[in-house]
Amino acid sequence: MKKIVKVICICACASVLMYGTNFINAYENNNIGFSFDVGAWLTNGRVQNGRYRSTTDSNNSWKAQLKTSTEGKGTITVFWLEHKDGTNVSYDMKLYQGDSARYDSVKKKANQSTVYLTGENNNYSDNYYHVSGYWDEETGVYLNR
Amino acid sequence: MELEIEKTRRDWKKVLILLVLILIPLLDAGILYFDVYSDYWFYPEDYPNGPSHMHRFIPTVAAFLSGNSHGHLMQMIFIFLMPIYIMIMNADSYLQEKSCGYLSTCYTRISRKTYLMNKWKSAFSISTGVTLVAILLNLVVCYVLFWGGTWTGGGNEEDALYIYLIYVISFCLIVGLYGVYCSCLCMITGNRMIAYALAVLPWLGMIHSPWSIVNAMQPYTEYGYEYFIFAWLQILILCGLTILFTKLVWEKRDEL
């Protein structure tokens, strides 16, 4: 009997720990690296693996920071979040290479779903280049809408 | 000149192209409007402060040449295929007149010099005029749809209408000059396929070059004024040399 109670307690503690860890990660301002090619002729670049946005609050912002871009120093790339099928679930955000991270709220459909960071060139000149930086699908930084 | 405009008006293919050119920027404004407002329409409870707190673009930033719609699909259809639109609308009228025998009749009434100037004037006016109407109509619609908007999308654009208008004028003049260039191509080559190929390929090449001509069409980018100047230099060199050749060589050639 004592053994069973012990096992139940250990399991309960483990669950709390796991839930607690997830809870902290979800609302933590993380720096998750991204690196992809921004394509030409309507081809967007996108991270290979999406991340699950567990929050239900659209004001719990996502963020992105453009560290390097082979388009050039100080150039702009447009980023947003989307689902795997290409549905846009955030507003576009223009990022300058070398600038600090920018934060923005999402659209309702982004919450409690897997989102992918996607990027495209702000110019319609048909350039093809590589970008890398950091992002987070939910930062715990709340914006007023 | 009036005859050229009348001929454009009466040809259904030319009118269709005209309507397509006017429709594309309007469609772009509609797509952007839906992208901005759709979340509020479907989930108003997610916007406790109402639509005034949404990401509503500054009207000139939402306008067609700024290229803030996703994928730039409408800009690509409008700008990348512009030589084809120009040719169909008016620039290839020389080839049409040659094939139906009207050209011979024309040369008995007016000099080649007058004929050439008429062709150039109409190619420039119609190309520039249609493009200007399409872009300005889109601008007016954007002011209506996005009135009071302040969102730049994270860029550093000001609500500077004069900057946008400079690019509108630049774009329309480029299209007008290219219309004259296409008209010259038709006269020099005398062959529809070769003329169309020589109209489209250099245009795409200039878009794709490191000093892309879109830098003289798209405002609010990270590229400085030197890119604007180099874009214009490419157009001026290509069109200028072709126009000069047509004037000095083709005009003096005996075609009959």
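So that the names make sense, note that chain A is the first sequence line, chain B the second, and so on, each numbered from 1. What you see below is based on every heavy atom in this structure, not just the backbone, and it leaves out hydrogens, waters and symmetry mates.
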Exercise. Looking only at heavy atoms, which two atoms of A:Tyr124 and B:Leu65 are closest? And how far apart?
Worked result: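 Closest heavy-atom pair between A:Tyr124 and B:Leu65: OH-O, 2.7 Å.
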
With a 4.5 angstrom heavy-atom cut-off, could you sort out which part of [X] is near chain A: side chain, backbone, both or neither?
| X | value |
| --- | --- |
| B:Ile79 | side chain |
| B:Tyr223 | side chain |
| B:Gln75 | side chain |

Exercise. Heavy-atom distance under 4.5 Å to chain B: side chain of A:Asp104, backbone, both or neither?
Worked result: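 When you check distances to chain B, only side chain atoms of A:Asp104 fall under 4.5 Å.
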
For this session: Check step by step if side-chain contact (heavy atoms from CB on, under 4.5 Å) holds for B:His208 and A:Asn127.
Result: CA-CA 7 Å; B:His208 202 68; A:Asn127 272 353; 5.6 Å; no

Problem set entry | Chi angles and distances behind the salt bridge (charged side-chain N to carboxylate O under 4.0 Å, His left out) call for B:Asp46, A:Lys109 | CA-CA 11 Å; B:Asp46 225 34; A:Lys109 279 186 285 197; over 6 Å; no

Problem set entry | Atom pair OG (A:Ser58) and OH (B:Tyr43), whose distance is rounded to the nearest 0.5 Å |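 Between atom OG of A:Ser58 and atom OH of B:Tyr43 there are 10.0 Å.
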
Exercise. In Å and rounded to the nearest 0.5 Å, what is the CD to OG1 distance from B:Glu222 to A:Thr75?
Worked result: 5.5 Å

Exercise. Does B:Glu45 reach the side chain of A:Lys108, with side-chain heavy atoms less than 4.5 Å apart?
Worked result: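 Yes; the side chains approach each other to less than 4.5 Å.
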
Problem set entry | Note, A:Asn88 side chain near B:Asp35 side chain (heavy atom, < 4.5 Å) |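 Side chain of A:Asn88 against side chain of B:Asp35, heavy atoms only: contact under 4.5 Å found.
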
Exercise. Can you find a side-chain donor-acceptor pair between A:Asn122 and B:Gln218 that sits under 3.5 Å?
Worked result: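 No, no side-chain donor-acceptor pair sits under 3.5 Å.
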
For this session: Ignoring hydrogens and angles, state whether a donor on the side chain of A:Asn123 or B:His72 is under 3.5 Å from an acceptor on the partner side chain.
Result: no

Is it true that atom [atom1] of [X] has more than 12 heavy atoms of other residues, nucleotides or ligands lying nearer than 6.0 Å?
| X | atom1 | value |
| --- | --- | --- |
| A:Tyr129 | OH | yes |
| B:Trp147 | CH2 | no |
| A:Gln112 | CD | yes |

Exercise. Should the ring pair A:Tyr91 and B:His55 be called parallel, tilted or perpendicular, given that the plane angle runs from 0 to 90° and is split at 30 and 60?
Worked result: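 Answer is tilted, since the angle falls between 30° and 60°.
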
